[in-house]
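What you see is a predicted model, and the numbers here were worked out from it, not measured in a lab.
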Amino acid sequence: MRVMRSSLRSAWCTGGHRAAPPRRRALCGLVLLSLSGGTIGCGGSTGSAGDSPAVISAAIVSETTSGVADATPGEPMNETEVPEGGVVEVLFGHRVADPFRWLEERRPRTDAWIEEQTARTVAYQEAHDSPTRAARLRELLSIGSIGSIARAGQATFFERREGDAERPILFVIDTPGAAARPVVNPEDFGERSSIDYFVPSPSGRLLAVGVSQNGDERSTLHVIEVATGARRDAIPHAKWASLSWRHDESGFLYTRYPLEGEADWDPDAQDTYNRHLFEHTLGQPYESDALIMRAPEPTDFLGAALDEGDRWALIGNFRGWSQSELFLVDMASDVQTPHPLTPDSDAVWNGELHRDYIYAYTNDEAPHGKIVRVRTDEARDRRWEQIVPEAEGTIDSFSIAGDYLVVTYVEDIASRLRVFSLAGRPVPDVALPVDVGSIGAVATSHESSRIAFTFSSFFSPPAAYELTLPDGTATAIATVSADIDTSDLHVTREHATSRDGTPVNLFLVHRGELPRDGTAPVLLEGYGGFNVSLTPTFSRNALYWLERGGVYAVANIRGGGEFGEEWHRAGMLGSKQNVFDDFAAAIAHLTESGLSNPDRIAISGGSNGGLLMGAMITQVPDTFRAALTAVGLYDMVRYTQFPPAEIWISEYGDPAEPDAFEWLYAYSPYHNVPASFRAPSVLITTADSDTRVSWQHSTKFGARLQAANIGPNPVLFYMEHAQGHGAGTALDDLVRDYVRRYTFIETELGVVE
């Protein structure tokens, strides 16, 4: 189970049918009242008021929501605050207005709004079009990419997109020194297909590949013969699957979501909750696969690894991004009972089985992480031995290559690759191509001391490297061509000071000398959540911005993983406001340092970073000119109503609980839009096939911003069709997206030809 901490970035189950968990029932317990005071009834699982003009207000009356006994249903409200189709709910003593509830449902009125707003954005783009922008962005975005990488037997597998290719193709180097050849082209599964994940069998003879359509990540798991490309088994409902092959290659352990007719099947939320662990035998119907373990909670994520003899299975159960546990199963036993191996603590554990030992990463009493091990036959006694102690840098991943432990660290916000013996004795570190950059992934196999990894930096395009431990030299095995001049590109590091005095690192990427006359156009990006570290990586679109004379900036704010679990926890749950304070300080620093001024600053973020953008728009709108916010969360009072968002409760908190509701409501961008204000320029983008963050956040937030904006700056909305959260985006779609973004940025910041 080679689980990186970072693997939880892209991922996101007791018995019984999951009809509607308590937190959903709470928000379905609405009493919707007409002008005459009569009850209309519950508007379905989302509590929607639909298009009814009679709906005036609502009160939560479910027994699972406390603190509302004194609420007065039907209390009059300002109709300019809550227009037709909106509601007011009394939640924990607060009157909470949701004026655009009707934009949660795909009805004709909603579709018309989406089409009108998208057309308005297209018209804006056409009015400010540049004849050179699209051509140059296509040239830069066509610089190839190298993605996931894996080793099996003598083979190395990796994804690469070259030149004008629309999507990455999966390649294999069959033996060291051989030429790479294509194995899987996703377009063979359909024009808008993409590869979500792949896992080679131990010898490299077979591949398990997840393929989805339109970027929705609802994968079908295909088994493919590497030599011939022939397809064998296909298993649906395998979104975000974790998989471990039997060493005889007769089958594998894998995770999938329930099938129709199985326990926990939910026709209204397929491939969303209850991801269970199964065992599949090649050639057998997947419907008959044996259930090995059901995740304890619907939002848990299971993963498994088998030992070399296929006797023991190590199962990891991930409860969000800050806590996980390990179980051991004797696969030879008639009763395959999972035995817990880890303490009942609020910490992360993940591990691998190798040569009679279990090796594990944990941050239990070690916020920067450590590596421990225990003999498999003593594992139930939990006699863990520390072999790699906590260090100043933060462990990002670990894996096993023959006689060695391969550990990646984040040190001073850059990747490091360190190697240890299986007993934890340090051996020489692996030299990386440049000092300040990012390891994308490390590929190892238990049978070989040969490893592979991917790497990039601000100015180094992605490449894949291989070497043999302990003292081999890294040699590039896959590169992409990039005809760019980086001789005049520089990186400057500065620090902003957050509200509570915490220093916040800023990477400033620029051409030539960094100006200090207050006029530099700056594009600042941030994320701040889910333990994600923003280390220096290659950005094709940032190169365009640098060519236009802009400064590209990245803020390393709390909630990320740059400085260990303490840094992450300082930006989650009730401490989430720290994230917003950190980024607000970074924005202010751009002006206070003499670099720029509010009219020349644009900010950008997506997903959890979209939430960050929403907070900046509503908390510090006068400190920047433009915000690009993509596939974001904005309604934090109802975010759990849009599956699969319940998997994020460990990060944000549950709005059905009174304490969490208070902090969520306090910063929820949708609920903190002023009644009227001069909004910065805003471009909100979303996608109709996004199965991570629902488009419903974006429609509501965009409508409320537009209603409140009394200034001259545009608030624009755009919905992508047949696209998702970002995975599997084709090159043509990417070019159109960045043409739209940079048309907006250059227009609003006054960057002219």
Side-chain angles (χ1 to χ4, degrees), residues 1 8 10-25 28 44-46 196-197 199 208-214 216-223 233-244 251-304 313 315-320 324-325 327 329 331 336-338 640-650 689-692 694 724-725 727:
M1 183 171 51
L8 289 176
S10 37
W12 313 80
C13 298
T14 71
H17 176 70
R18 177 182 164 280
R23 62 182 67 95
R24 283 192 171 177
R25 290 196 296 269
C28 190
S45 62
T46 61
D196 296 330
Y197 55 82
V199 183
V209 182
V211 179
S212 64
Q213 308 296 321
N214 300 318
D216 67 7
E217 300 178 275
R218 298 183 187 275
S219 309
T220 295
L221 194 163
H222 296 270
V223 177
D233 301 22
I235 304 174
H237 300 286
K239 179 181 178 182
W240 301 335
S242 173
L243 186 146
S244 181
F252 43 75
L253 300 183
Y254 76 107
T255 57
R256 65 164 168 80
Y257 292 91
L259 306 173
E260 184 173 3
E262 291 182 341
D264 303 315
W265 161 259
D266 185 346
D268 297 323
Q270 299 178 42
D271 304 339
T272 302
Y273 303 109
N274 297 298
R275 194 177 83 153
H276 301 326
L277 180 67
F278 295 85
E279 183 173 22
H280 178 70
T281 298
L282 295 183
Q284 299 300 310
Y286 62 81
E287 295 90 344
S288 62
D289 288 347
L291 176 65
I292 301 300
M293 183 174 175
R294 299 172 73 177
E297 296 293 336
T299 54
D300 290 352
F301 273 64
L302 294 174
I315 299 175
N317 181 39
F318 293 85
R319 301 178 181 275
S324 58
E325 55 197 339
F327 298 86
V329 174
M331 299 297 291
Q336 296 174 344
T337 303
T640 53
Q641 302 305 295
F642 310 134
E646 289 174 89
I647 66 177
W648 306 324
I649 284 175
S650 64
S689 293
D690 191 341
T691 60
R692 297 201 193 193
S694 171
H725 201 65

**Prompt:** Roughly how far, to the nearest 0.5 Å, is CG of L221 from OG1 of T255?
**Reply:** 9.0 Å
**Item:** Which atom of Y254 lies closest to which atom of H280, heavy atoms considered
**Value:** CE2-CB, 3.6 Å
**E325 vs R319 side-chain heavy atoms within contact, under 4.5 Å** = yes
**Message:** Working note: V329 + M293, criterion side-chain contact (heavy atoms from CB on, under 4.5 Å); need CA distance, chi angles, decisive distance, verdict.
**Reply:** CA-CA 10 Å; V329 174; M293 183 174 175; 5.8 Å; no
**Asked** If you measure from CG on D233 to OG1 on T281, what distance do you get to the nearest 0.5 Å?
**Response** 9.5 Å
**Item:** Worked verdict on H276 versus E262 for side-chain contact (heavy atoms from CB on, under 4.5 Å)
**Value:** CA-CA 11 Å; H276 301 326; E262 291 182 341; over 6 Å; no
**Rounded distance [0.5 Å steps], CZ in F318 versus CG in D300** = 11.0 Å
**Item:** Side-chain donor/acceptor of N214 to backbone N/O of D216, under 3.5 Å
**Value:** no
**Message:** Would V199 and F252 count as a side-chain contact (heavy atoms from CB on, under 4.5 Å) here? Give the steps.
**Reply:** CA-CA 10 Å; V199 183; F252 43 75; over 6 Å; no
**Item:** Spatial distance of atom CG (D196) from atom NZ (K239) [nearest 0.5 Å]
**Value:** 9.5 Å
**Message:** So which atom in A234 and which in Y286 form the shortest heavy-atom distance, rounded to 0.1 Å?
**Reply:** O-CD2, 3.4 Å
**Item:** Listed partners of S324 passing side chain to side chain donor-acceptor pair (under 3.5 Å), at least two apart
**Value:** none
**Item:** Shortest non-hydrogen contact between A241 and Y197, atoms and distance
**Value:** CB-OH, 3.3 Å
**Request:** Can you measure from CG (L291) to CD (Q336) and round to the nearest 0.5 angstrom?
**Result:** 10.0 Å
**Prompt:** Do you know the tightest heavy-atom contact between A304 and S242?
**Reply:** N-OG, 3.8 Å
**Asked** What pair of heavy atoms forms the shortest contact from S694 to F642, and how long is it?
**Response** CB-CB, 3.7 Å
**Message:** Let me confirm one number: the CG-CG distance from N274 to D266, rounded to the nearest 0.5 Å.
**Reply:** 8.5 Å
**Request:** Could you tell me which non-hydrogen atom of I292 sits nearest to which non-hydrogen atom of L253, and how far apart they are?
**Result:** CG1-CD2, 4.1 Å
**Request:** Compare all side-chain heavy atoms of D264 with those of Y257 and state whether any distance is below 4.5 angstrom.
**Result:** no
**Request:** Please lay out, stage by stage, how W648 and T299 fare under the test side-chain contact (heavy atoms from CB on, under 4.5 Å).
**Result:** CA-CA 9 Å; W648 306 324; T299 54; over 6 Å; no
**Request:** Return the set of residues passing side chain to side chain donor-acceptor pair (under 3.5 Å) with D271 (not counting sequence neighbours), or none when no residue passes.
**Result:** H237
